[in-house]
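Index from 1, following the sequence. Numbering of ligands and ligand atoms starts at 1, following listing order. The basis for the numbers below is simple: all heavy atoms, side chains too, and nothing from hydrogens, waters or symmetry mates.
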Amino acid sequence: PHDHHRHHRQLLLIFLLISATTAAPASATTNYQVFKEAPQFYNSPTCPSIHTNGMCCDQAVHVAMTLDTAYLRGSVAAILSILQHSSCPQNILFHFIASATANHQHFRYTISRAFPALVFQIYPYDSKAVSGLISTYIRSALDCPLNYARNYLPNLLPRCLRRVVYLDSDLVLVDDMAKLAATPLGDSSVLAAPEYCNANFTSYFTPTFWSNPTLYLTFSGRKACYFNTGVMVIDLQRWRAGDYTTKIVEWMELQKRMRIYELGSLPPFLLVFAGNIAPVDH
Ligand SMILES: *[C@@H]1O[C@H](CO)[C@@H](O)[C@H](O)[C@H]1NC(C)=O
C-alpha cells in the first residue's frame with residue numbers, strides 16, 4: 001500500500017507539474033523550477049514534543065539558509081538531506097533569508113510543494129544596505145549581496161531565537177542536524193564552525209594588512225585559524241549583546257578604502273571571530 005500511495009502521489013505531482021508549466025507564461029522573464037515532492041519524514045518516538053509559538057521554540061532545532069533563484073536547487077537538496085538524516089525531522093524549523101526584491105511567493109510555493117509539512121518562514125533581506133559595502137576588489141561570483149546575509153542574521157531573525165544553525169545552499173548533510181545544533185559553545189563563544197588550523201591563514205589577508213600593526217594586532221592573543229562560514233552554529237543573543245554585525249561592517253568599510261583581504265564575506269568573519277570560536281566536529 002505504501003508503494004501504491006507513492007505511485008499515486010507521483011502521478012498527482014506530474015499533474016501539478018503540467019499545471020505549473022502551463023501557468024508559467026504569466027511571468028515571461030522567470031524560469032520557474034519545479035521539484036518533486038519529498039516523502040513526509042516523521043519524528044521517532046523518543047523525540048521531544050515541541051510547541052511552536054510562531055517560529056520561536058527553544059526545544060526546536062532552528063536552521064537558517066538563504067534562498068535565491070540561482071541556488072534554489074541547492075537549497076532544496078540541502079533541506080531534503082537535513083530531513084533525511086534527522087531522527088526528529090518534525091522538530092526542525094527553517095528560517096529562509098531572501099532578497100527583499102525577490103519573488104517570495106514563488107519561493108514559498110516551491111518550498112511547500114516540495115516539502116508540504118515543512119515549518120518555515122521567509123524573511124526579507126534588504127540587499128541595498130550591503131551593496132555599497134561590497135568591495136570592488138572581490139571576484140564577481142562572491143559579489144552576490146545575499147552572501148553577506150549571514151552578517152545580519154541576528155537582526156533578520158526573530159529576537160526570541162537563541163540559537164540557529166546557518167548553512168550555505170551548496171551543501172548536503174550526512175548526519176543528524178540535531179547533533180550539529182547541539183555543538184557546545186562554552187562560556188563565551190558566539191559561534192561554532194569547522195576550523196582548519198593547517199590552512200595558511202596569512203594568505204587570506206593582503207601584505208598591506210600584514211604590514212600594518214594597527215590592523216594585524218587585532219589577532220594578538222588569539223590562536224587564529226581559518227574556519228568555514230558555510231556551516232555555523234550561532235548564539236544569536238551573544239551576537240546581539242556583542243554587536244558583532246557592527247564589527248563586521250567596520251572591517252568591510254575599511255576594505256572599501258584599502259585592500260586588506262582577498263575574498264568577500266569570509267575575511268571579516270575571520271577578523272572578528274577567528275581564534276575565539278568553538279570547533280565543530282569534522
Ligand atoms: C602562506 O601564505 C603567504 C602569503 O600568501 C606566503 O608568503 C607563505 O609562504 C605561506 N606559508 C606557507 C607555510 O605556505
Apply ring pair (Phe, Tyr, Trp, His ring centres under 6.0 Å) to Phe273 and list each qualifying residue two or more places apart in sequence or on a separate chain.
Trp239, Tyr244, Phe269
Do Asp175 and Lys179 sit within salt-bridge range, that is, some charged N less than 4.0 Å from a carboxylate O?
yes
Would a line drawn from the ring center of His95 to the ring center of Phe120 be shorter than 6.0 Å?
no
Taking only heavy atoms of the protein into account, state which residues are under 4.0 angstrom from an atom of ligand 1, in chain and number order.
Asn200, Ser203
Answer with yes or no whether the hydrophobic clustering places Leu266 together with Trp210; edges join I, L, V, M, F, W, Y residues whose side-chain heavy atoms lie under 4.5 Å apart.
yes
Do you reckon Leu236 sits in the same ILVMFWY cluster as Leu185, going by side-chain contacts under 4.5 Å, direct or chained?
no
Do Asn151 and Thr245 get their side chains close enough for a donor-acceptor pair, meaning under 3.5 Å?
no
